[in-house]
Amino acid sequence: MAPVKKSDKKATLDAAAWMFNVVTSVGIIIVNKALMATYGFSFATTLTGLHFATTTLMTLVLRCLGYIQPSHLPFTELLKFILFANFSIVGMNVSLMWNSVGFYQIAKLSMIPVSCLLEVVFDKIRYSRDTKLSIGLVLVGVGVCTVTDVSVNTKGFVAAFVAVWSTALQQYYVHYLQRKYSLSSFNLLGHTAPAQAATLLIVGPFLDYWLTDKRVDMYDYNSVSVMFITLSCTIAIGTNLSQFICIGRFTAVSFQVLGHMKTILVLVMGFFFFDRDGLNLHVILGMIIAVLGMIWYGNASSKPGGKEKKNYSLPTTRQQKLGATSDSDEHRDKA
C-alpha cells in the first residue's frame, strides 16, 4: 500500500503545481493585457524587470524566515542562465515587434521540437511513436487556434530564432540546475531573480524606448495604472515560482506541451473580457484538437517506453553521481 500512497501523493502534488502555474500564468496575461491595452503601459521589458525585483523581495523574506536554506550555484552557471533567460525575454519582445502575429505564434510552437532536441542530445531521451504523434497533434491544434496571417523577413526570422533557442535553453537549464546542484525552486529563484531584476531594470527602459519610442519615466502614472502594475508584480511571484516548480517536477518538453493549455485558456478569457468576436468555430476546433493531443501526450509519455532515458549522466563528480542516483530515479518518466 505504501508505494500506492506515495504515487497518489505525487500525482496530487503534480496536479497542484500545474494548476498553480496555469492560474498565475493566465492571470498575469489578463492583467498585463489590460495594463497595456487599456492604460497604455507598453514597457514590457521594464515590467518584467519589476516582476523579478518583486520576486527577489519574496526570496529575501523567505530566507529571513528560514524557508530558503543557504545553497551554492557557481557564478558561471548563473551567468549562462541569465544570458539564456534575458535573451529569451528580449528576443520574444523583438520578435513580436518585427514579425506578424502568425509567424510569432509559429515560432512559439517550434519551442516544443527544439526542447525535444535538447532532451535527445543532452539527456539521451527516446520518445515512443505515440508520444511523438501526440506532440504533433498538440502543435496542429494550437496552430489552428492561433496562427492567422504569416509573413516573415530576415531580421524577424533572426529575432524569432534567438527567442526560440534561448527560451528552450533557459527552460532546459532550470531542470538541469535543480538536479545537478540539488536546488529547490525557492533556492534557484533566490540565485537567479536578483540578477535578472538588475539586468532587466538597467536594459529594459532603453529597449522599451527602442521598441515603442516612449520613455517609461514619462508615462502618465495614476492610481489605477499603479494598482495594475502592483497586481501584475504580485501575480508574477507565483508565475516565476510555479514555472521553476513545474519544470523541476516534469521536464521542459512536458512544460511546453501542457503549457499550451494556458494558450487555450487565454483565448477563452480574452473572448469573455476583451474580444467577443475572437472565438469562432475555427478556433474552437483547434482547441479541441489541442486538448485531445495533450490528453494523448499525458497517457503516451507516462507508459513504459513512452519517454525514457538511455545512459543518462551529468557532468559531475563521482560522489555527486552516487548521491544523485535516487533523485534521477525519482525524475524518470516525469511526463
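Values in this document were obtained by computation on a predicted structure and should not be read as measured data.
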Could you report the tightest heavy-atom contact between [X] and [Y], atom names first, then the distance?
{"X": "Arg249", "Y": "Asp14", "result": "NE-OD1, 2.6 Å"}
{"X": "Ile235", "Y": "Thr24", "result": "CG2-O, 3.3 Å"}
{"X": "Ala168", "Y": "Val114", "result": "CB-CG1, 3.5 Å"}
{"X": "Gly156", "Y": "Asn153", "result": "N-OD1, 2.7 Å"}
{"X": "Ser232", "Y": "Leu47", "result": "OG-CD2, 4.0 Å"}

Enter the distance from [X]:[atom1] to [Y]:[atom2] here, rounded to the nearest 0.5 Å.
{"X": "Ser166", "Y": "Leu83", "atom1": "OG", "atom2": "CG", "answer": "10.5 Å"}
{"X": "Phe255", "Y": "His175", "atom1": "CZ", "atom2": "NE2", "answer": "13.0 Å"}
{"X": "Ile135", "Y": "Met294", "atom1": "CD1", "atom2": "CE", "answer": "12.0 Å"}
{"X": "Leu200", "Y": "Thr48", "atom1": "CG", "atom2": "OG1", "answer": "6.5 Å"}

Donor-acceptor contacts, no H, no angles, side chain residues 157-164, under 3.5 Å, sequence neighbours left out:
none

Is there a donor-acceptor contact under 3.5 Å linking the side chains of Tyr297 and Ser254? yes
Do you see a donor-acceptor pair shorter than 3.5 Å between the side chains of Asp208 and Thr212? no
Would you find a donor on one side and an acceptor on the other, under 3.5 Å apart, between the side chain of Ser242 and the backbone of Thr239? yes
Tell me, do Lys303 and Ser128 make a side-chain contact under 4.5 Å, heavy atoms counted? no
Tyr173 and side-chain hydrogen bond (donor to acceptor under 3.5 Å, both in side chains): which single residue from Lys180, Gln178, Lys80 fits? Lys80
With a 3.5 Å cut-off and sequence neighbours excluded, list the donor-acceptor pairs that the side chains of residues 219-229 form with protein atoms.
residue: Tyr219; atom: OH; partner: Tyr39; partner atom: O; Å: 2.7
residue: Tyr221; atom: OH; partner: Val216; partner atom: O; Å: 2.8
residue: Asn222; atom: OD1; partner: Val224; partner atom: N; Å: 3.0
residue: Asn222; atom: OD1; partner: Ser225; partner atom: N; Å: 2.9
residue: Asn222; atom: OD1; partner: Ser225; partner atom: OG; Å: 3.4
residue: Ser225; atom: OG; partner: Asn222; partner atom: N; Å: 3.0
residue: Ser225; atom: OG; partner: Asn222; partner atom: O; Å: 3.1

Not counting sequence neighbours, list each pair that qualifies as a side chain to side chain donor-acceptor pair (under 3.5 Å) and has a residue in residues 101-110. none
Residue set satisfying side-chain hydrogen bond (donor to acceptor under 3.5 Å, both in side chains) with Ser134, at least two apart, ordered chain then number -> none
The criterion is salt bridge (Lys or Arg N to Asp or Glu O under 4.0 Å); which residues satisfy it with Arg215, sequence neighbours excluded? Asp217
Listed once per pair and sorted, the ring pair (Phe, Tyr, Trp, His ring centres under 6.0 Å) pairs that draw on residues 182-215, sequence neighbours left out: Trp98-Trp210
